[in-house]
Amino acid sequence: MITVNIDVCLAKKKMSVGELAERIGITPANLSILKNNKAKAIRFSTLEALCRELECEVGDILEYSK
Amino acid sequence: MNWNKNRSIFLSKICVLGFGFLSLLLSFLVHIYEPLIIKDFIFYLVLFLSNLIVFISLRLLYKLLSNIQESKVFIDDNVRNLRALSWCCFAAAFLFLIYYWQYHIFFLLIAMGAGFMGLIIRIIKNVFVEAIEIKQENDYTI
């Protein structure tokens, strides 16, 4: 399964979840769905925005585990 | 007058209520023309049961419309309502089969009509189930 790891990058940037949601242009509720691995899919545009705001790579955010 | 979906739903609700009133009226008319119809316990039992089915169906339709008005379209409640509606149609078809057995082959045609209606609603219910899945997939796409 794919897990979404935003917390580490958030901590590095010292940004709050609400602030990140606002910068990306999604609701805090949707960001919460993403963080808690309840999302079924992610748009490239959202992924791009996450990488841009958190200044990290896709591999830092998405992780594959069996 | 500008036509919009709220007015359309309102009109549908009026039609549902109007249908209920009509079916009540029909029952009274049957009562008035009583001498022309065989005084039969089965006849009145089936008439009563079919009225009950009509009112249950109309209640389900009204609930469906109310949900749609609140923009709650592809939800499990509506799937349940549609399933119940299809069973009401099948029950009505079964009742008319009793009429056919007792009275006239004409009622067989009505039974077939009601059964077909039930089939259509059942398939619409299946469509709704798929639509709910697609909607959920979409809702959980961030």
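Each chain gets a letter, A, B and so on, in the order the sequences are listed, and its residues count up from 1.
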Enter the distance from A:L34:CG to B:Y140:OH here, rounded to the nearest 0.5 Å.
12.5 Å
Could you pull out the closest heavy-atom pair between A:R43 and B:N138, with the gap in Å?
NH2-OD1, 4.3 Å
Around B:F106, counting heavy atoms of other residues, nucleotides and ligands shown, do more than 12 lie under 6.0 Å from its CZ?
no
Over 12 non-hydrogen atoms of neighbours within 6.0 angstrom of CD1 in A:I2
yes
Given 3.5 Å as the limit, does a donor-acceptor pair link the side chain of A:T46 with the main chain of B:I142, or not?
yes
Atom CD of A:E22 with >12 non-hydrogen neighbours under 6.0 angstrom:
no
With a sphere of 6.0 Å drawn around CZ of B:F94, does it hold more than 12 non-hydrogen atoms of other residues, nucleotides or ligands?
no
Against chain B, label A:I42 side chain, backbone, both or neither, depending on which of its atoms sit under 4.5 Å from a heavy atom there.
both
